[in-house]
Structure formats: C-alpha cells, structure tokens
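Remarks on the structure that follows.
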Amino acid sequence: MLTKRDLLRSAALAALTVTTMTPIPANAQAKAEWPDIREAKAIAEEGFIYGLPIVMNYAVMYEYSVDRNSGQFKAPFNQIKNEARVFTYKDTSIVTPNSDTPYSFLWMDLRAEPMVLSVPAVEKGRYYAVQLEDGNTYNYGYIGSRATGTEAGDYMVAGPGWNGTPPPDIKKVFRSTTQFSVAGYRTQLFGADDMPNVEKVQAGYKAQPLSAYLKQPTTTAAAAIDFPKVDKELVKKNFFEYLDFSLQFAPATPDEAEIRAKLARIGVGPGKTFDFKDLPIAHKLEIGLGMKDGEEKVDKYLENGFKNINGWKIGSFFGDREFFNGNWLLRAAAAKGGIYGNDAVEAVYPFTKNLANGDVLDGSKHKYAITFPAGQLPPVNAFWSVTMYDGKSQLLIENPINRYLINSPMLSGMKKNADGSLTLHVQKDAPGADKESNWLPAPNGPIYLVMRLYWPKTEAPSVLPPGNGTWQPPAIVATQ
C-alpha cells in the first residue's frame, strides 16, 4: 500500500468539507438521471471499495514510472529497475514493503504489444520470484523458484487485447486484465556480503517488447498519455476522477458488469469525465458519505475478516481474478493491508497490531517478546521473517541499528534459550549487549508486525491453508 494510505483514509472526510457550490456545466454528469440520495450514497460506497486498489495502484505506478521528480521514481515503462539494496524507512510509496529481498521493478505498457521477460538460471538454494500483478491488483502469474523452477527461460506477458501467436521458445504466456501491469522481482539476500551475488542474478533479468525479442521492427506504437498528477491533496478531493481515468485501461471482466453499470450512473467509467468539483453540494455529500462508509467497511474487514490465532491475523487475501471472484471488499482489504502481496502458495503473511487479548501493541508503553518453541520455527521451503512497521503509517521505521526485521538467514548469529527456543525482543530501546542479536527495534508508539513465510511447506506442520494450518505463530507477550 501507499504512503497515501492516510490520504485515502481521509478521502471521504475531505469530500464532506466542501462548503461552496460550483455552477454545473450544461454537460455535467450530475445534470442527467442522477440516482436518489440513498442509491447515490450506496454506489459511492461500493465504488470506493471496488476502486480503492485500482487508485492505490495508479498512485504507485505514477510515482515509480511516470513522475521522474517523485522521489520514488524507478524507471520508465518497459524498463527494469534493479535495486541493489533492501528497502528502508526512506522508501515510502508502498506500505508494508519487505526488507528481506532486494526488489526489481518492471512497469509494463502492454497497449502496443506484449513484453518478453527473460530470467537467468538461479542456484537452487537462492529463492527468487517474479510476481505479475495488473492494474486490478490481480496476481495473474508467477515466474521463479516455486512456480517455474531455477532454469533460465523466456516468458511472455500480454495485455487484454492481444490475440497473436507466441514464439515457439516462449515457455509460458501470462495474460493481464489491464493494459498496464507490474512485475515485482524478489531475489533472496543471505546477508550484507551477499549483495554482489544478488546483483549478478539481477543482471540476468531482461525485458523487451515482443518485436525486439523477434528482432523485428516495431509496427505499432502506443499513443502518448497525459497521466494526471497524483498527490495527497488531489487524491483527497478526486478519488473517483482517478478511478475514472484508470478504468479506460481496464476492460471490464464479466464479474465487473454490475459494479461498472452502477458507477456509470454517477458518471464514472471508461470515456466518462467525472469531475467532483462540478457536482452540486448535495451530490458531494452523498459521494462523501458513501466513501466514508466504504472505508469503514474495509477497515472493519481488516480487523475481523481474518482468523485470529494467538493475536495474529491469518488468511488468504491475495490472488488472481478467479480467487477474488467479484469480492471487492476482500480485494480492497488486501490492498489496504499491504498492496502487492503474494498468493498464499508463494507467501503467507500473519500480521498484527495487537496482543492476543486485544491490547494495542505500543513501543512507548511496553517491551514485548516473541518466543518460537524449539523445533517450531515457521515451516518454509525458502525463508521466513518478522518485520517491524510503524503502526500508523505501516512504513519501516528509522532505528539506531538499521534493522527492520529478523529473518531466518540471521539465525546463525542469534542466541537461543537453554531449551532450544528462540526469543525475539521487540522494544524501542536496546535490550543490552547480551540480547541485541535478537532485538527487533520498535517505534516509540503503535506497532505493526508482519511475518512473511516464503514458499510455505505444504506437509505438516504447515501454515497452509492460511488460518487452518497445523503450524501457528506464537503469541506476543508484554514483558514490561
């Protein structure tokens, strides 16, 4: 999720602060067949839930591949940006980013032709994954250790309108439901001195248009787009304008027919020109109240829509179009909880802001401990981690030892208890030299903890299926 989480949270409230009425142009959508108050509010509520992941995704895409002055810019469309580092508190475009694996990013413009993604051979002991996610935030495919193995290969990503025949050397064709899509690469890092090896793997990641792969001249070109600037204030005021813009690159799928028809009634959809400022005050209030109620539903789902195990929330909330099957609330909660999360078969994410009794985790008030009993570390084929975030922003926190997580590659340098168990010390102040190896620095305030279990084992003990597995995360205990 974005640094714009707070701005999206306040989007509805911003709509309610309007106190003046703007004259309505003759062609404004508000003038013709506007639904009655209750229906308009219900459409805005459902539309906010439906559109939240789409707008969030657009904001990340804009910062990463459109606005070169965003401070978070990675690379233009169809060019890979390799990060020879892990993410830190300075990375603010995506909420709950991992700090385990150096990222590589590829934002794809699939309007003119497909893209061919090539990966190198990767040693079997090093986990890597290429997650393909479209503008609807559907995970529509994977390349990597679990999904396709460790051999080199060429794969093709096509947009919703492509109907050609793939070259014979292409191992698999992936289909995005939208014309813009992102490939997120995660390459396992075993320690600071391992970065040169990660860079060698990253150097083998290639991306090129299909015509270049075939060594043929480009026959078509995508039209230039005037991407609307996105920032905190603009999203507060113009949520549905961003959704309106984004939908033109997302042909409706069968499960979207109903919600698209409803949105059209308030002027939102491909070819529409929704303009919030042109609505009369009554309609602004309807839209604002609907958005506010929609966001409250998303927050409530994040609180109660997952299984609570020892205070950790566990569930399966990322997947492809068939996985969501029109469940817009689940999709919105997944994005708000941590946009660009993996399918459960690739990674499971137990998360919490509370103790098992419901008390809020707060580094300004307490010290905490997480103890894994002997022989009961998270069961994975790749690796696991516990990452610390600020409880308000869901971003990584600045701390004196630049440690944002504790993960399984660090085990050799950590201290175990006499009975073989492993205790993590979660607190804002250093616990002392004898415990510092096991210290996970916390903020001076609310805490948000996320476990990551990459490539979880399927045989018992297992975290799968999420929320009903035979392995359970241990409870967090307040020690002071």
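Since the model is a prediction, treat every value here as computed from it, not as a measurement.
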In terms of relative ring orientation, are [X] and [Y] parallel, tilted or perpendicular, with 30° and 60° separating the classes?
X: Tyr185; Y: Tyr205; answer: tilted
X: Phe105; Y: Phe87; answer: tilted
X: Phe317; Y: Phe306; answer: tilted

Practice task
Quick one: pull up CD1 in Ile266 and CG in Leu279 and give me the separation to the nearest 0.5 Å.
Solution key: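 Here the interatomic distance stands at 8.5 Å.
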Problem - Distance, nearest 0.5 Å, that separates CG of Leu210 from CE of Met156 - result: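 One finds 6.0 Å between CG of Leu210 and CE of Met156.
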Backbone N or O of [Y] within a donor-acceptor pair of the [X] side chain at under 3.5 Å?
X: Ser385; Y: Thr387; answer: no
X: Ser181; Y: Glu133; answer: yes
X: Lys353; Y: Gly391; answer: yes
X: Arg126; Y: Phe190; answer: no
X: Arg175; Y: Gly159; answer: yes
X: Ser211; Y: Pro217; answer: no
X: Ser408; Y: Trp384; answer: yes
X: Ser246; Y: Val55; answer: no
X: Asp134; Y: Ser176; answer: no
X: Glu286; Y: Glu39; answer: no

Ring centroids only, cut at 6.0 angstrom: are [X] and [Y] within range, meaning strictly under it?
X: Phe180; Y: Phe77; answer: yes
X: Phe227; Y: Tyr62; answer: no
X: Phe239; Y: Phe48; answer: yes

Practice task
For Tyr389 and Ile397, work out which heavy atoms get closest and say how close.
Solution key: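 In this case the closest contact between Tyr389 and Ile397 is C-CG2, 4.0 Å.
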Practice task
Measure across Ala129 and Glu346 and return the closest heavy-atom pair with its distance rounded to 0.1 Å.
Solution key: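 Scanning both residues, the minimum pair turns out to be CB-OE2, 3.7 Å.
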Ignoring hydrogens and angles, state whether a donor on the side chain of [X] or [Y] is under 3.5 Å from an acceptor on the partner side chain.
X: Tyr103; Y: Asp91; answer: no
X: Asn342; Y: Tyr349; answer: yes
X: Tyr127; Y: Arg186; answer: no
X: Thr137; Y: Asn57; answer: no
X: Tyr454; Y: Thr101; answer: no
X: Thr187; Y: Gln202; answer: no

Handout entry: Any residue meeting ring-ring contact (aromatic ring centres under 6.0 Å, His included) with Tyr155, in chain and number order, not counting sequence neighbours
Key =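 ring-ring contact (aromatic ring centres under 6.0 Å, His included) check on Tyr155 returns nothing, list empty.
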Exercise for the section: Only counting residues at least two apart or in another chain, list the ones meeting side chain to side chain donor-acceptor pair (under 3.5 Å) with Gln248. Expected result: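 With sequence neighbours excluded, Gln248 shows a side chain to side chain donor-acceptor pair (under 3.5 Å) to no residue whatsoever.
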Practice task
Check whether more than 12 heavy atoms from other residues, nucleotides or ligands sit under 6.0 Å from atom NZ of Lys297, and answer yes or no.
Solution key: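 12 or below, so no.
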Practice task
Inspect the surroundings of NZ in Lys172 and state if more than 12 heavy atoms from other residues, nucleotides or ligands are less than 6.0 Å away.
Solution key: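 No.
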Problem - Electrostatic pair Asp109:Arg111 at N-O distance under 4.0 angstrom - result: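 A salt bridge is present here (some side-chain N lies under 4.0 Å from a carboxylate O).
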Exercise for the section: Run the salt-bridge test on Glu296 and Lys300 with the 4.0 Å N-O cut-off and return the result as yes or no. Expected result: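 No salt bridge links Glu296 with Lys300.
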